[in-house]
Q: 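Sending over a structure as structure tokens; questions will come in a sec.
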Number of protein chains: 2
Amino acid sequence: MERLPKRQRHQQLSRLIEENPFITDRELTRQLKVSIQTIRLDRLELGIPELRERLKLMAERSYDSVRSLPLHEVIGDIVDLQLDKSGISMFEIRGEHIFSRTGIARGHHVFAQANSLAVAVINDEIALTASADIRFVRQVKLGEKCIAKAYVRSAGRSKAKVEVFTYVGEEMVFQGHFIIYRSAGEHGIEEVDERADRD
Amino acid sequence: MERLPKRQRHQQLSRLIEENPFITDRELTRQLKVSIQTIRLDRLELGIPELRERLKLMAERSYDSVRSLPLHEVIGDIVDLQLDKSGISMFEIRGEHIFSRTGIARGHHVFAQANSLAVAVINDEIALTASADIRFVRQVKLGEKCIAKAYVRSAGRSKAKVEVFTYVGEEMVFQGHFIIYRSAGEHGIEEVDERADRD
DNA sequence: TCTGCTATTAAAACCAGGTCCTAATTAAGT
DNA sequence: ACTTAATTAGGACCTGGTTTTAATAGCAGA
């Protein structure tokens with residue numbers, strides 16, 4: 001009663017499916033030289049779902065990632081705002097903002113908080129980021145609360161310079177210099193609008 | 001002969017399937033109050049494949065584009081990826097990405113696409129943005145498809161320089177220079193030094 | 001040798017979620 | 001009334017399975 005062949009086959013089966021989840025049982029019979037029933041018994045024992053189920057799982061995984069883009073309007077809660085002068089916002093790093101492996105926040109969330117604040121602090125109908133020079137000073141981790149402080153350094157007619165520093169506690173974790181376009185009475189930009197909504 | 005209902009239904013059908021690709025024809029008959037045959041004719045006319053085919057496509061997309069990477073950590077769909085060399089991703093600006101009044105994309109979404117891609121293209125266990133110098137060249141509007149192209153310019157042991165250019169059609173809308181930290185232990189990567197441009 | 005056990009294979013019924021084809025029905029336009 | 005487009009209905013067939021029930025092969029121990 002060769003037991004080994006079975007275990008070996010199980011290993012091979014797992015490997016084959018892992019490296020090509022699109023394989024059908026019929027294809028597996030060819031590769032492993034056993035009947036299709038054996039393949040199915042094996043999958044049953046190993047808890048490997050059928051092809052369609054596998055594809056569905058993969059599709060789901062890749063779907064809710066697209067769906068769960070949590071980058072909406074203003075990122076973070078605005079705590080204080082003095083238009084054209086300064087602003088403070090608070091943003092807590094949660095599970096959806098991190099690299100799952102490391103627990104470290106993805107840079108664009110930290111950026112998003114700062115960018116949102118830089119735009120919000122500009123007192124204009126339309127304010128858009130033109131450019132930015134940013135530095136991620138240290139990593140931010142799950143659960144940490146980021147306090148971003150924005151200061152308007154200079155405000156011309158069509159551009160404003162805004163500096164943003166983000167802290168976790170005492171520590172600075174991010175800094176950025178933003179150049180923000182403003183509408184300054186409808187010029188330069190084709191589509192002029194009202195100011196962005198605020199919560 | 002109300003032609004409108006048909007077109008409207010087609011629109012609704014497309015919308016329904018787009019916002020939930022996991023829906024079956026049977027479910028669609030309930031929502032649209034027409035027979036299942038009509039649904040199938042509609043799908044045929046619109047060139048929308050059956051449920052299983054849709055799931056398979058989604059699975060494929062998420063599989064062979066970035067099998068090694070956790071996809072959900074990337075903003076936009078990776079179209080091409082040559083680790084440590086270059087990468088391309090596609091990101092369509094949708095309603096949730098814009099200033100609702102103006103239809104102009106919020107900067108941090110455009111940044112997020114570029115940042116994700118810059119991190120993804122670095123072949124390392126841990127890759128984090130250290131700093132970035134970015135410019136929003138022109139506004140991006142609702143419905144526009146942003147194609148971001150990333151090129152690894154130099155890859156040292158602990159840092160890599162990545163340039164990202166984002167286009168809508170022929171037009172460049174964003175450019176950024178990223179410095180990415182890498183873990184520099186795990187993989188002894190000493191292969192890449194300086195790379196020339198490539199399309 | 002017979003019994004018992006595992007592993008394998010086979011066969012048949014059934015299912016979801018369709019395609020493909022033919023035909024009937026309905027609605028509406030002129 | 002006749003024509004045409006749109007809709008609905010029905011049945012055969014397909015893939016890639018599940019589930020169940022049975023038969024068969026191979027070997028071990030008493």
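Any value given below was found using the heavy atoms of this structure, including those in side chains, with hydrogens, waters and symmetry copies removed. Each chain gets a letter, A, B and so on, in the order the sequences are listed, and its residues count up from 1. What you see is a predicted model; the values in this text were computed from it and never measured.
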Q: So what does R40(B) touch, heavy atoms closer than 4.0 Å: a base, only the sugar-phosphate, or nothing?
A: base
Q: Does any non-hydrogen side-chain atom of F174(A) lie less than 4.5 Å from one of V137(A)?
A: no
Q: Establish, with yes or no, whether the OP1 or OP2 oxygen of dT8(C) is under 4.0 angstrom from a side-chain nitrogen or oxygen of R9(A).
A: yes
Q: Using a heavy-atom cut-off of 4.0 Å across all strands, would you classify L41(A) as base, sugar-phosphate, or nothing?
A: base
Q: Would you call R182(B) and D84(B) a salt bridge, taking side-chain N to carboxylate O under 4.0 Å as the test?
A: yes
Q: More 5' along DNA chain C: L51(B) or D42(A), using each one's nearest nucleotide?
A: D42(A)
Q: Would you call V168(A) and V140(A) a side-chain contact if the rule is heavy atoms closer than 4.5 Å?
A: yes
Q: So, does R43(A) get its side chain near the phosphate of dT18(D), meaning an N or O under 4.0 Å from OP1 or OP2?
A: yes
Q: Heavy atoms from C-beta onward define the side chain here; which of dG17(D), dG18(C), dT8(D) lies closest to that of T24(B)?
A: dG18(C)
Q: S35(B) side chain: which of dA9(D), dA10(C), dG17(D) is closest?
A: dA9(D)
Q: Taking atom CD of Q11(A) as the centre, does the number of heavy atoms from other residues, nucleotides or ligands within less than 6.0 Å exceed 12?
A: no
Q: Between dG18(C) and R52(B), counting only base atoms on the nucleotide and side-chain atoms on the residue, is there a donor-acceptor pair under 3.5 Å?
A: no
Q: Under 4.0 Å, heavy atoms only, any strand: does E50(A) hit a base, just the sugar-phosphate, or nothing?
A: sugar-phosphate
